Undergrad: 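First, the structure itself, so that you have it in front of you.
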Number of protein chains: 2
Amino acid sequence: MAKIKCQVDQCACSVCHVLQRSDWRVLAGDDLAILSSGVAMRHYRAGETIYWMGDANRGIHCVSSGLVGVRKIDAEGNSVLLRLGYPGDTLGYRSFLMGSEHKTSAETLEPTALCHVRPETVAQLLERNPSLGLQFLRRASDELEQAHHAIFQSVTLSNRQRFVHLLLVLARRHGRPRPDGSRTIRLPLSRGDLASMIGTRHETLSRIIGRLEADGVANFSGRLVHVPKLDALAEELEPGMAA
Amino acid sequence: MAKIKCQVDQCACSVCHVLQRSDWRVLAGDDLAILSSGVAMRHYRAGETIYWMGDANRGIHCVSSGLVGVRKIDAEGNSVLLRLGYPGDTLGYRSFLMGSEHKTSAETLEPTALCHVRPETVAQLLERNPSLGLQFLRRASDELEQAHHAIFQSVTLSNRQRFVHLLLVLARRHGRPRPDGSRTIRLPLSRGDLASMIGTRHETLSRIIGRLEADGVANFSGRLVHVPKLDALAEELEPGMAA
DNA sequence: CAAACGATTTGACGTCTGTCAAATTCTTGG
DNA sequence: CCAAGAATTTGACAGACGTCAAATCGTTTG
């Protein structure tokens with residue numbers, strides 16, 4: 001017998017390594033079996049497009065590994081990165097549930113594995129198990145709160161403060177703590193995407209980075225960031241701030 | 001017999017004048033009766049607070065008439081108006097479903113009538129009729145899309161363009177078309193709130209308004225706006241724009 | 001009706017940001 | 001390993017914005 005390539009985590013959602021972090025965790029038993037039968041995993045290289053804004057919805061995606069960027073674009077070429085999708089996150093559920101075209105584009109930012117769930121399967125599961133809908137609702141509520149928070153910050157915080165905030169968020173996911181309390185972060189984004197996330201241009205971001213280095217708060221080398229003291233970063237967001 | 005004050009639209013949701021515009025329209029029969037029994041209408045004057053950001057959730061509100069403002073505030077006194085609630089809109093459903101405190105404050109911007117639905121009633125209805133949850137999900141999706149759109153615009157449009165866009169949106173709800181094609185709008189918001197909605201300060205908005213008047217695009221007198229040609233306004237949002 | 005208060009407008013000024021352009025660095029395919 | 005192309009940084013400059021302050025205007029309260 002030829003050895004069978006390990007497909008355990010590809011074919012059986014019930015033993016998926018991100019199940020407990022995903023929306024599908026509300027399912028069990030037969031529901032999980034139905035899910036498994038309607039799922040196909042696909043591997044993407046970095047920089048591939050999963051779907052375009054305006055495309056018709058063709059099911060829901062679940063991030064198995066890697067990193068996905070969700071963005072809005074327009075005819076003039078403006079592009080704004082709205083959020084990042086990590087393992088366990090669900091993509092495309094909104095346009096599926098609204099019966100509309102995709103309102104955002106999604107692309108891989110790293111080599112990524114995605115599980116695609118067929119629309120009929122999602123519909124079937126939603127009908128069998130109402131808690132799945134409520135789970136999607138929780139996800140939407142959470143995303144909405146994050147969006148509101150971003151809007152609020154774009155009005156009340158400076159570009160520098162917003163970038164520092166973004167750095168702190170990225171540090172949580174992509175940072176490696178060092179024994180001496182400092183932290184190294186490998187940014188998963190280009191300067192342009194970082195800039196669009198805080199609502200400015202990449203040239204401006206470049207200057208903000210320059211000032212952060214001059215102030216000794218962080219050191220940048222390409223996509224590598226070294227933060228000597230996370231606390232010093234966090235203090236920049238405090239109300240009582242000195243220039 | 002003393003005349004009974006008309007309470008038809010206050011006590012029976014099944015004949016509510018905004019039912020078909022509200023999330024509750026997915027209910028029928030017994031469900032509607034249950035809703036009615038768990039609902040109480042209350043009249044607010046303009047400027048009253050319905051709930052504060054940080055308050056524990058105590059049920060869901062449904063706007064019957066009037067206008068509600070949903071905003072985020074912080075300790076320094078920054079305040080950003082995030083959206084407006086019109087008759088038929090639902091308030092407070094997110095914190096209810098997430099079991100969290102309110103993430104935003106809500107206040108009346110005009111004399112307003114709200115129907116309050118007790119938490120137990122909402123829970124009961126959600127359990128009896130899964131489509132209610134899906135309806136809330138549709139609402140959350142819609143709000144999320146609007147929030148994403150706002151974020152995108154805050155990056156790609158100028159302050160003036162964002163204000164023009166806001167004017168066009170307000171014109172739809174609060175504008176009165178004139179026979180000659182012009183339009184009069186009664187703004188329901190102060191300059192400060194208008195400014196926060198486009199992400200700037202009230203002084204800056206004042207100057208934008210001044211320029212709009214100088215350009216003959218619109219005339220402002222307090223909260224009254226007169227727009228000679230709506231098309232001229234809409235053209236400001238077109239890609240090919242001259243200074 | 002008048003005073004008091006808040007909202008709005010206007011002015012002055014320094015800083016920040018966007019734009020255009022060029023230099024530099026980094027990546028990637030050959 | 002080199003070269004072409006993309007990404008990033010830096011410079012220069014004008015315009016826009018935020019802040020502080022003062023002047024108007026409008027509304028509310030006594």
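Not measured: the values here are computed from a predicted model. Each chain gets a letter, A, B and so on, in the order the sequences are listed, and its residues count up from 1.
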Undergrad: Show me the protein contacts with nucleotides 7-9 of chain C, counting only N or O atoms at under 3.5 Å.
TA:
{"from": "C:dT8", "atom 1": "OP1", "to": "B:Arg191", "atom 2": "N", "distance (Å)": "3.2"}
{"from": "C:dT8", "atom 1": "OP2", "to": "B:Arg191", "atom 2": "N", "distance (Å)": "3.3"}
{"from": "C:dT9", "atom 1": "OP1", "to": "B:Arg191", "atom 2": "NH2", "distance (Å)": "3.2"}
{"from": "C:dT9", "atom 1": "OP2", "to": "B:Arg191", "atom 2": "NE", "distance (Å)": "3.0"}
{"from": "C:dT9", "atom 1": "OP2", "to": "B:Ser206", "atom 2": "OG", "distance (Å)": "2.7"}
{"from": "C:dT9", "atom 1": "O5'", "to": "B:Ser206", "atom 2": "OG", "distance (Å)": "3.1"}

Undergrad: Does atom CZ of A:Arg223 have more than 12 heavy-atom neighbours from other groups under 6.0 Å away?
TA: yes

Undergrad: Please report the distance, rounded to the nearest Å, between CD in A:Glu76 and C1' in C:dT19.
TA: 16 Å

Undergrad: In whole Å, I'd like the distance from the CG atom of A:Leu157 to the P atom of D:dC17.
TA: 19 Å

Undergrad: Do B:Ser95 and B:Glu101 make a side-chain contact, defined as non-hydrogen atoms from C-beta onward lying under 4.5 Å apart?
TA: no

Undergrad: Are a donor atom and an acceptor atom from the side chains of A:Ser64 and A:His17 found within less than 3.5 Å of each other?
TA: yes

Undergrad: Is a donor-acceptor contact shorter than 3.5 angstrom present between the side chain of A:Arg207 and the base of C:dG18?
TA: no

Undergrad: Is B:Glu235 paired with B:Lys229 through a side-chain N to carboxylate O contact shorter than 4.0 Å?
TA: no

Undergrad: Give one of base, sugar-phosphate or nothing for B:Ser158, where a contact means two heavy atoms less than 4.0 Å apart.
TA: nothing

Undergrad: Would you kindly give the CG-to-P distance between A:Leu224 and C:dT25, to the nearest whole Å?
TA: 18 Å

Undergrad: Starting from P on D:dT8, measure out to CD on A:Glu213 and report it in whole angstrom.
TA: 14 Å

Undergrad: Rounded off to whole Å, could you give me the CD1-to-P distance for the A:Ile208 and D:dT8 pair?
TA: 15 Å

Undergrad: Mapping A:Gly199 and A:Ser221 to their closest nucleotides on DNA chain C, which lands nearer the 5' end?
TA: A:Gly199

Undergrad: Check the phosphate of D:dA16 against B:Asn159, side-chain N and O only, distance under 4.0 Å to OP1 or OP2. Yes or no?
TA: no

Undergrad: Given atom CD1 of B:Ile198 and atom P of D:dA16, what is their separation to the nearest angstrom?
TA: 15 Å

Undergrad: Separation of A:Asn78 atom CG from C:dG18 atom P, in whole Å?
TA: 12 Å

Undergrad: Can you tell me how the ring of B:His174 sits relative to the ring of B:Tyr86, calling it parallel under 30°, perpendicular over 60° and tilted otherwise?
TA: tilted

Undergrad: Once you round it to whole Å, what is the distance between P of C:dT15 and CZ of B:Arg201?
TA: 18 Å

Undergrad: Would you please classify the geometry between the B:His149 ring and the B:His165 ring as parallel, tilted or perpendicular, with 30° and 60° separating the classes?
TA: tilted

Undergrad: With a sphere of 6.0 Å drawn around CZ of A:Arg21, does it hold more than 12 non-hydrogen atoms of other residues, nucleotides or ligands?
TA: yes

Undergrad: Are the charged groups of B:Asp193 and B:Arg71 less than 4.0 angstrom apart, N to O?
TA: yes

Undergrad: A side-chain contact here means heavy atoms from C-beta on lying under 4.5 Å apart; do A:Met53 and A:Lys103 qualify?
TA: no

Undergrad: Is the shortest side-chain N/O distance from B:Thr200 to OP1 or OP2 of D:dC17 below 4.0 Å?
TA: no

Undergrad: For the helix from C:dC1-D:dG30 to C:dG30-D:dC1, what angle lies between the axis at the first five pairs and the axis at the last five pairs, to 10 degrees?
TA: 50°

